[in-house]
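Heads up: the structure comes next, in structure tokens.
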Amino acid sequence: MSCHKRLSTETNNNKNNSNNNRVNNKKAWLILLLSTALAVANGQAEANGKPHIIIIMADDMGFDDVSFRGSNHFLTPNIDALAYSGVILNNLYTPAMCTPSRAALLTGKYPINTGMQHYVIVNDQPWGLPLNETTMAQIFKQNGYYTSLLGKWHLGMSRRNFTPTERGFDHHFGYLGAYVDYYDQTLMQNGKNYSRGHDFRSNLQVSHEHVGEYLTDVLTEAAVQLIDQHNATAKPLFLLLSHLAPHAANDDQPMQAPAEELAQFAYIKDETRRYYAAMVSRLDKSVGRVIDALARRQLLQQSIVLFLSDNGGPTEGMHATKASNYPLRGQKNSPWEGGIRSSAAIWSTEFEKLGSVWRQPFYIGDLLPTLAEAAGISLPPTLKVDGLNLWSALKYGYESVEREILHNIDETDAYFAYTKGKWKVVNGTTVEGAYDGWLGSRHATEIDPRAASYEQVIRNTSVWQHLQEVNRGAERNITALRQQAQLGCSELPGTPCLPLKAPCLFDIDVDPCELNNLYEDHRNASFFLDMWDRIEQFAKQAHPPANKPADPKCDPRYYKNEWTWWEDEQQAGDVGVGTGTASKCLCVNNLPFILFIFLATLTGLWL
Ligand SMILES: *[C@@H]1O[C@H](CO)[C@@H](O)[C@H](O)[C@H]1NC(C)=O
Ligand SMILES: *[C@@H]1O[C@H](CO)[C@@H](O)[C@H](O)[C@H]1NC(C)=O
Ligand SMILES: *[C@@H]1O[C@H](CO)[C@@H](O)[C@H](O)[C@H]1NC(C)=O
Ligand SMILES: *[C@@H]1O[C@H](CO)[C@@H](O)[C@H](O)[C@H]1NC(C)=O
Ligand SMILES: *[C@@H]1O[C@H](CO)[C@@H](O)[C@H](O)[C@H]1NC(C)=O
Ligand SMILES: *[C@@H]1O[C@H](CO)[C@@H](O)[C@H](O)[C@H]1NC(C)=O
Ligand SMILES: *[C@@H]1O[C@H](CO)[C@@H](O)[C@H](O)[C@H]1NC(C)=O
């Protein structure tokens with residue numbers, strides 16, 4: 001514990017010493033002290049008025065893999081109960097991959113404006129969300145929240161400064177890299193000869209405590225405990241429950257689910273899809289248990305609960321799970337709606353139109369300003385977020401904010417996708433077009449036996465019952481809502497889009513499935529030329545991608561088979577093949593640095 005304290009002190013020193021000017025250093029210290037004092041005072045004064053914010057994020061879940069969209073292949077009764085009780089976010093857009101999506105969530109910015117636009121952070125690459133970016137966790141923490149990340153980070157780990165407790169989270173319990181095994185929490189990097197590395201921590205300390213348990217349950221249990229123990233009078237809670245599910249595990253055993261969960265889906269013949277159903281179903285139970293815990297603590301009334309996926313599901317290709325984004329085109333890591341449209345729902349007693357489908361285009365980067373508004377936090381304009389504050393639109397159910405969303409400009413993969421109002425432009429594509437098709441399908445014959453009494457199953461969930469109680473039993477027409485959340489797509493073939501040959505233009509309102517390319521019809525129209533200009537403007541201002549090539553010094557074999565902040569470890573010295581220095585507490589390696597800062601402070605800064 002004492003060791004932990006020292007580390008945080010060192011970090012503060014580190015941040016505030018980055019500027020070499022002595023006077024500024026002194027100022028920085030004073031500002032730090034003052035702002036800490038203010039934040040503490042603030043937190044105590046206002047905690048009660050602020051909503052608790054609970055974000056439950058699925059990893060790589062398909063658009064059609066929640067049953068509130070109409071699929072009966074396997075049911076997700078808890079997520080559905082949340083959706084019908086709250087507001088279904090019908091047009092929530094995210095980047096098409098994990099790292100850019102999480103960067104957009106936490107910064108409120110388009111990935112091209114933070115250098116996070118290309119691909120993801122592969123575990124052996126020494127880069128992360130740039131350290132000068134402010135995260136949502138920092139903002140909520142500064143405004144009196146207790147901030148916790150449970151589960152996946154994936155925004156950098158090669159240096160300790162990249163990791164969640166250095167980026168605004170009071171607490172992290174989970175993994176730092178791309179994914180892990182559901183049981184032993186290891187990642188074996190594809191195509192490399194590194195050793196298999198364990199990646200799971202409690203704050204900064206390696207934790208093997210839950211090896212052997214199913215990760216979805218471990219994270220759920222941690223969320224339940226956190227909610228049970230949280231002192232809601234002292235501080236409002238900001239919880240990002242960032243699940244591994246239903247992401248694939250390592251390639252040697254990508255699909256993993258507890259036997260009893262799997263047994264429920266014996267009617268699904270395809271083995272991968274059967275495992276996938278069980279993985280999603282366990283995730284669905286997690287949503288139920290978190291809402292139960294909030295209800296038990298009587299915190300629901302003051303909570304905003306959001307469920308979403310970070311991006312579309314991978315039906316095919318790398319880490320494929322047979323996820324389905326039906327009826328949308330494409331999948332994860334593609335510019336199409338199947339890659340960037342998330343099945344999501346949000347609930348709060350603040351909403352006037354609970355039990356509705358909200359069609360307002362909403363970007364994952366809007367969540368920062370929108371939730372900040374809900375918490376009465378005013379963001380400094382210097383933050384320059386790209387996201388819009390849509391809190392009042394969400395609260396009153398307006399759908400009329402015309403807006404643009406820059407989905408991505410990836411010069412490395414040579415594609416971009418951009419939406420303005422109902423129009424979407426796609427130029428170029430990923431993976432040479434391998435994911436350009438309509439890859440998902442909906443099973444007509446394999447049906448979850450519970451689907452026969454679908455409404456009863458939903459009403460039977462504790463989620464439904466708790467939320468009904470808080471909503472004072474407002475009636476909902478589940479069947480009607482389920483119909484409204486379905487997307488209609490034309491059966492007629494339209495003009496094809498060949499994105500490697502020429503740009504494509506779609507009217508997403510009538511053609512969410514991107515079947516009919518209207519580029520030739522409108523290429524000279526002023527609205528289209530304006531869109532094109534706007535994209536060029538974004539491209540000009542884009543940050544260079546922050547990606548860096550692999551660094552074999554990350555190899556877990558040097559660190560007791562742990563994935564760790566290897567650049568710090570290397571700098572600290574004594575790292576050699578076979579003599580790992582990673583330990584549960586990494587203080588010893590950093591003692592010289594701490595001493596240096598301590599002495600520097602004594603001798604220089606205060607004179
Ligand atoms: C962070 O630093 C980069 C590179 O120096 C710069 O381009 C960017 O604008 C900075 N971001 C912020 C939020 O200050
Ligand atoms: C991979 O690592 C193992 C164990 O260190 C070593 O024996 C083997 O030669 C390596 N293979 C390659 C291709 O580098
Ligand atoms: C919760 O916090 C409040 C305000 O800081 C404090 O008065 C109270 O004793 C705390 N309750 C518990 C159970 O720690
Ligand atoms: C509803 O829950 C009750 C009690 O748990 C159970 O007996 C019943 O079978 C459930 N009904 C449906 C349709 O799930
Ligand atoms: C619910 O909506 C469905 C479909 O719109 C409709 O057929 C049904 O009559 C509605 N039920 C009630 C109780 O209003
Ligand atoms: C649009 O895509 C085409 C074909 O991939 C490419 O030649 C062109 O440079 C792209 N235009 C822009 C503005 O990126
Ligand atoms: C748009 O302009 C191009 C080139 O100037 C021309 O070839 C094409 O026919 C025009 N298309 C329409 C729909 O007007």
Side-chain angles (χ1 to χ4, degrees), residues 36-52 66-85 87-88 90 140-148 170-171 224-239 260-261 263-265 267 277 281-282 284-285 287-289 291-299 301-303 353-359 447-469 471 473-488:
T36 310
L38 280 176
V40 167
N42 222 16
Q44 276 168 0
E46 292 183 23
N48 289 334
K50 294 190 191 293
H52 304 291
V66 286
S67 45
F68 72 75
R69 295 258 179 221
S71 169
N72 285 321
H73 201 208
F74 54 83
L75 299 191
T76 52
N78 296 296
I79 295 168
D80 292 14
L82 174 69
Y84 301 136
S85 305
V87 171
I88 293 172
N90 211 51
F140 278 78
K141 182 183 160 104
Q142 279 159 10
N143 284 275
Y145 275 77
Y146 179 75
T147 53
S148 173
D170 288 307
H171 173 238
V224 167
Q225 256 183 41
L226 185 73
I227 291 165
D228 279 346
Q229 288 161 13
H230 180 69
N231 185 340
T233 347
K235 281 185 172 207
L237 176 63
F238 177 90
L239 170 60
E260 76 271 17
E261 202 67 46
Q264 279 191 64
F265 302 99
Y267 62 90
S281 180
R282 204 66 164 198
D284 179 70
K285 289 190 168 113
V287 173
R289 289 192 55 204
I291 291 175
D292 287 349
L294 291 167
R296 197 163 53 240
R297 286 291 315 277
Q298 300 190 307
L299 296 178
Q301 185 77 44
Q302 308 97 259
S303 294
K353 291 191 185 160
L354 284 170
S356 67
V357 177
W358 194 48
R359 298 180 195 282
I447 300 284
D448 191 321
R450 296 171 292 176
S453 46
Y454 178 76
E455 285 214 24
Q456 198 47 50
V457 170
I458 303 301
R459 290 179 196 278
N460 227 12
T461 59
S462 57
V463 171
W464 179 268
Q465 285 155 20
H466 292 315
L467 298 181
Q468 278 283 299
E469 204 176 301
N471 294 342
E475 229 351 276
R476 302 269 181 272
N477 187 334
I478 290 178
T479 307
L481 282 169
R482 201 177 190 210
Q483 280 168 6
Q484 285 166 34
Q486 299 235 26
L487 292 185

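Remember, it's 1-based here, ligands and their atoms both numbered in the order they're listed.
- In this structure, Q486 places its CD atom where more than 12 heavy-atom neighbours from other residues, nucleotides or ligands lie under 6.0 Å away.
- Contact check on R476 versus E455 returns no salt bridge, with no Lys/Arg side-chain nitrogen under 4.0 Å from an Asp/Glu carboxylate oxygen.
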(request) Please lay out, stage by stage, how D292 and S462 fare under the test side chain to side chain donor-acceptor pair (under 3.5 Å). (result) CA-CA 7 Å; D292 287 349; S462 57; 2.7 Å; yes

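- The neighbour count for Q298 CD, taken as heavy atoms of other residues, nucleotides or ligands under 6.0 Å away, does not exceed 12.
- At the shortest separation from atom 12 (C) of ligand 4 among protein heavy atoms lies N460 ND2, 3.2 Å.
- Heavy-atom proximity to A234, at under 4.0 Å, picks out these atoms of ligand 3: 2 (O), 5 (O).
- Note that CD1 of I291 is 4.5 Å distant from CG of L82, once rounded to the nearest 0.5 Å.
- For atom 7 (O) of ligand 5, the protein comes within 4.0 Å by no heavy atom at all.
- Ligand-side atoms of ligand 5 in range of N477: 1 (C), 2 (O), 3 (C), 8 (C), 10 (C), 11 (N), 12 (C), 14 (O), range being under 4.0 angstrom from any heavy atom.
- Applying the 4.0 Å criterion to heavy atoms of Q483 picks out, from ligand 5, the atoms 4 (C), 5 (O).
- Ranking protein heavy atoms by distance to atom 13 (C) of ligand 4, first place goes to Q456 CG, 3.6 Å.
- For atom 2 (O) of ligand 4, the protein comes within 4.0 Å by at least one heavy atom.
- Those atoms of ligand 3 with a heavy atom of N231 less than 4.0 angstrom away are 1 (C), 2 (O), 3 (C), 8 (C), 10 (C), 11 (N), 12 (C), 14 (O).
- Look at K141 and D170 and you find a salt bridge, because one of the NZ, NE, NH1 or NH2 atoms lies within 4.0 Å of a carboxylate O, short of that distance.
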